[in-house]
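Keep in mind that this is a model prediction, so the values were computed, not measured. Remember, it's 1-based here, ligands and their atoms both numbered in the order they're listed.
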Amino acid sequence: MISGDQTPNVFRLDGAQTTMVFTWTDGMPALLSHGPRLSAETDLLALAAALERPLPKGTLDVSEPVSLHPEAGRGFMGHPALIGRRPGDERSWAGRFTGTTIVEQPDGILFKLVDESRGLGLELDCRINPESDVATLKTRLSNQSDAPVIVDWLSPPVIAPDRRYGEFLSFHGRWSAEFAVERLPIPVGTTLRENRRGRTSHDAFPGIILLTSETGEEQGACLGCHLGWSGNHRLMLERLPDGDRQLQIGALLIGDEGTIQQGETIETPPLYVARSEDGLNALSQKFHAHVRTCLLAFPDPKMPRPVTVNTWEAIYFDHRHERLTALADAAASVGAERFVLDDGWFRGRRDDTSSLGDWYPDEETYPEGLGPIADYVHDKGMQFGLWVEPEMVSPNSDLYLNHPDWALSVDPYPMIIGRNQLVLDIARAEVSDFLYERLAELIGDHGVDYLKWDMNRDLTLPGGEGGAVAASRQVHALYALIDRLLSAFPSLEIESCASGGARVDYGILERTHRFWVSDSNDAVERLRIQRGFSHFFPPEIMGAHVGPTWSHTSGRGLSIGFRALAAMPGHFGIEADLTKMSDDDIEVLTEAIERHKADRDIWHQGRYSRLQTVDPGLTGVMAISSDQRHARLVMAQSDRPEASLPPRLRLPGLINDRPYRITLQYASENLDRANRHFDGALWTGGLTLSGEMLAAVGLCLPIFYAQTALAIAIDAAEA
Ligand code: DGJ
């Protein structure tokens with residue numbers, strides 16, 4: 001709801017728990033206050049008067065705040081929101097926009113500005129979702145003159161975080177170690193992180209959370225921002241000498257890819273912003289709600305997330321029919337509901353040195369095409385999924401032989417190979433048409449229910465036709481190709497994978513349904529990766545697989561029970577050779593799948609939170625159903641406990657005066673041996689506690705060995 005009755009210059013936007021107050025002073029809007037929801041009677045004029053700034057000594061005669069679009073032409077001394085120029089016009093680097101119109105729009109407000117002397121129009125588009133409480137901000141710049149403009153940087157509407165946020169969470173990582181979280185103080189000056197990899201990247205997630213020194217999972221203020229974009233980006237947090245802070249996160253433009261001709265407009269990707277006064281879990285729950293209600297589009301929203309068997313770590317490139325059918329038999333018998341044929345099924349693909357682009361079933365391993373295996377899987381009652389990596393071409397492929405010019409390159413520089421592959425210029429119509437036709441035929445002919453869409457290399461020198469830079473175009477072309485496929489096959493689901501989690505963001509999520517979060521199936525590492533991921537993404541889109549006993553990325557060996565519990569909250573899957581598992585492991589796994597199926601509505605629709613104990617090696621996650629009658633939690637001990645006795649576990653979020661029955665669902669192997677003696681009620685049959693006692697007092701857990709875990713069920717006890 002936008003309203004601003006008391007004055008034409010102060011406006012408010014209200015989410016469920018947030019009010020954003022904008023001023024429109026001297027023609028430039030600013031976000032004056034971004035905090036808890038204010039009452040409808042709030043006097044906005046008085047609010048603006050209360051926040052009027054004094055003028056410090058030794059400065060310009062204006063004290064320019066961090067506006068929605070800070071610019072040097074108004075005396076702003078920090079990094080500007082727009083950097084651009086018009087070739088041949090010597091004055092075009094400078095400028096100053098002035099507001100013309102304010103437009104009310106659904107759940108939002110649109111500020112329109114112009115700079116007549118530069119011939120530029122600017123739109124600052126700010127919305128807040130009334131239910132999720134997440135704001136979506138975008139900037140559009142249009143060229144209204146007859147000469148081109150080169151934009152080097154354009155920020156979405158700029159965030160001016162409150163000064164109480166003295167720290168931030170940085171999200172970084174590397175291959176098979178995504179979503180590492182580091183808590184750092186906000187230093188004076190600029191904290192800059194750039195991603196030039198052409199995909200979202202493992203190492204620079206386009207998101208940040210600002211917080212106070214008191215903020216934890218369950219308490220304190222925090223502000224989270226995430227750019228919905230799957231390409232290059234820049235994240236800039238600036239602490240200015242006057243104490244103000246500004247946060248700009250936008251698409252990083254290289255070469256002249258920000259050029260706009262007469263009449264053209266450039267739009268930033270959406271910046272998603274949420275805040276909480278009640279800790280990091282409450283912030284995550286807002287992002288989860290936004291993903292669930294505004295971004296995710298499951299073809300069948302009522303269908304539970306199917307338990308998935310993926311062939312990769314089971315068979316790699318060994319696609320003999322009898323191996324696959326044996327794996328499909330084993331998959332069906334443990335309760336899998338989807339079977340995904342990973343890399344290795346297409347013409348000539350025996351290892352990762354060849355064949356990307358030749359999207360035809362391999363004639364040797366699949367003499368009758370994919371029909372027999374697709375039918376076999378369907379006949380077992382499972383969905384059939386197929387791995388593809390459409391944006392890529394192997395130099396050793398028929399496609400490259402026939403169309404060497406389709407690969408991105410800049411003549412005369414040598415093309416750098418990554419995993420033996422090059423990148424196709426998918427913004428070219430003939431290339432995207434080719435890919436569309438190949439994929440559409442495969443999906444149509446074999447009733448493919450699901451694609452695992454992989455992308456296994458960074459872009460270097462992404463030159464399109466004539467060498468023109470094509471990095472951003474590539475992302476838009478990817479979105480267009482997926483959109484085209486989804487409109488032709490509306491029941492298709494797609495998993496976004498890029499060497500694990502290098503393409504995890506809200507931009508790709510608007511057209512996909514699951515993330516392959518990491519190539520690490522090591523459950524100890526997974527617990528940490530999944531924890532980082534959960535700050536912005538809910539568990540139902542978190543591909544979480546039970547891998548082999550010995551992880552091929554870390555060399556660590558873990559029990560089946562621990563591996564299964566680490567995967568329990570996510571979109572559960574198995575990526576190990578089921579045909580070689582021991583009977584004991586199959587039994588534990590089958591039970592875990594049954595338990596997951598029984599509980600997945602709670603995990604996937606409930607309020608999900610991270611539990612933290614005083615022992616850094618002991619972490620947990622919990623989901624509470626929307627009616628607060630049921631909760632499920634998994635506690636896992638990654639490292640050896642710090643102390644000989646475990647800490648108490650407090651569980652907030654249930655109804656205070658309701659009794660709940662608490663039962664141990666499952667304890668992983670060896671856990672009982674870690675305790676000389678434990679006959680606590682949790683261990684011996686369960687206990688009944690009120691929601692208040694669970695939150696305020698908590699309960700004592702058994703002693704954990706390193707790499708053991710347990711699952712607990714909490715269900716409303718009938719009065
Ligand atoms: C990288 C992915 O992340 C893996 O899960 C697997 O699909 C391989 N590619 C296949 O080449």
Side-chain angles (χ1 to χ4, degrees), residues 173-179 197-203 230 308-319 323-324 327 338-359 362 365 384-394 396-397 417-423 439 442 448 450-459 493-505 508 512-523 525-526 529-530 533 541-548 551-554 563 567 570-577:
R174 63 187 163 86
W175 172 73
S176 93
E178 296 83 345
F179 285 99
R197 296 182 183 274
R199 55 182 178 173
T200 320
S201 85
H202 294 103
D203 51 306
S230 315
T308 297
V309 163
N310 177 292
T311 61
W312 180 239
E313 289 195 35
I315 60 161
Y316 296 101
F317 293 101
D318 181 1
H319 280 234
R323 274 207 83 177
L324 285 169
L327 193 60
R338 177 180 279 165
F339 186 88
V340 180
L341 200 59
D342 207 283
D343 196 354
W345 59 266
F346 47 99
R347 188 178 282 167
R349 184 77 162 176
R350 299 287 176 272
D351 53 34
D352 68 9
T353 61
S354 76
S355 308
L356 294 169
D358 298 342
W359 301 114
D362 182 70
T365 38
F384 179 65
L386 195 61
W387 178 95
V388 288
E389 196 179 358
E391 297 144 82
M392 297 294 153
V393 62
S394 308
N396 181 7
S397 66
I417 307 283
R419 207 194 187 207
N420 310 301
Q421 58 200 58
L422 298 167
V423 186
L439 294 170
L442 288 162
V448 172
Y450 177 83
L451 288 180
K452 176 176 175 184
W453 190 299
D454 208 344
M455 198 284 201
N456 282 308
R457 60 156 295 168
D458 296 324
L459 271 57
E493 284 196 19
I494 300 180
E495 172 176 32
S496 172
C497 171
S499 309
R503 192 147 65 195
V504 176
D505 63 80
I508 198 75
T512 52
H513 312 93
R514 185 193 211 240
F515 288 121
W516 185 229
V517 180
S518 178
D519 274 352
S520 175
N521 283 323
D522 172 330
E525 291 177 352
R526 265 299 181 131
I529 295 167
Q530 294 175 180
F533 173 89
I541 53 172
M542 177 176 80
H545 292 178
V546 175
S551 161
H552 74 164
T553 53
S554 69
R563 282 177 281 149
H571 182 171
F572 194 96
I574 303 115
E575 192 166 333
D577 192 347

What atoms of ligand 1 come closer than 4.0 angstrom to any heavy atom of [X]?
| X | value |
| --- | --- |
| Asn456 | 1 (C), 9 (N) |
| Cys497 | 2 (C), 3 (O) |
| Gly500 | 3 (O) |
| Trp387 | 7 (O), 10 (C), 11 (O) |

Please write down residue, atom name and distance for the protein heavy atom closest to [atom].
| atom | result |
| --- | --- |
| atom 1 (C) of ligand 1 | Asp454 OD2, 3.0 Å |
| atom 7 (O) of ligand 1 | Asp342 OD1, 2.8 Å |
| atom 3 (O) of ligand 1 | Asp519 OD1, 2.4 Å |
| atom 11 (O) of ligand 1 | Asp343 OD2, 2.6 Å |

**Study point:** Worked verdict on Leu459 versus Arg199 for side-chain contact (heavy atoms from CB on, under 4.5 Å)
**Key:** CA-CA 8 Å; Leu459 271 57; Arg199 55 182 178 173; 5.9 Å; no
Exercise for review: I would like to know whether Asp358 and Arg349 meet salt bridge (Lys or Arg N to Asp or Glu O under 4.0 Å); could you show each step before the answer?
Suggested key: CA-CA 9 Å; Asp358 298 342; Arg349 184 77 162 176; over 6 Å; no
Exercise for review: Give the intermediate values and the outcome of side chain to side chain donor-acceptor pair (under 3.5 Å) for residues Asn521 and Glu313.
Suggested key: CA-CA 9 Å; Asn521 283 323; Glu313 289 195 35; 2.8 Å; yes
Review point. Given Asp342 and Lys452, is the salt bridge (Lys or Arg N to Asp or Glu O under 4.0 Å) satisfied, shown in steps?
Key: CA-CA 8 Å; Asp342 207 283; Lys452 176 176 175 184; 2.8 Å; yes
Exercise for review: Flag Ala498 as yes when one of its N or O atoms lies below 3.5 Å from any N or O atom of ligand 1, and as no otherwise.
Suggested key: no
Practice item. Applying side-chain contact (heavy atoms from CB on, under 4.5 Å), run through Ser230 and Thr200 and close with a yes or a no. Key: CA-CA 5 Å; Ser230 315; Thr200 320; 3.8 Å; yes
Check your understanding: Judged by non-hydrogen atoms, does Met455 sit under 4.0 Å from ligand 1?
Key -> no
**Study point:** Lys452 to ligand 1, any heavy atom closer than 4.0 Å
**Key:** yes
Exercise for review: Between Ser499 and ligand 1, find which residue part has any heavy-atom pair under 4.0 Å and reply side chain, backbone, both or neither.
Suggested key: backbone
Revision key, fill the gap. Any heavy atom of His545 under 4.0 Å from ligand 1? The part involved is neither
Practice item. Examine Arg514 relative to Trp453 and say whether NZ or CZ is less than 6.0 Å from the centre of the six-membered ring and inside a 45° cone about the ring axis. Key: no
Study note, to complete from the structure: Note: Asp454 and Arg503 closest approach over all heavy atoms is O-NH2, 4.5 Å
Review point. Are side-chain heavy atoms of Glu495 and Thr512 found at a separation under 4.5 Å?
Key: no
Exercise for review: Apply side-chain contact (heavy atoms from CB on, under 4.5 Å) to the pair Val504 and Glu178, showing each step before the final yes or no.
Suggested key: CA-CA 10 Å; Val504 176; Glu178 296 83 345; over 6 Å; no
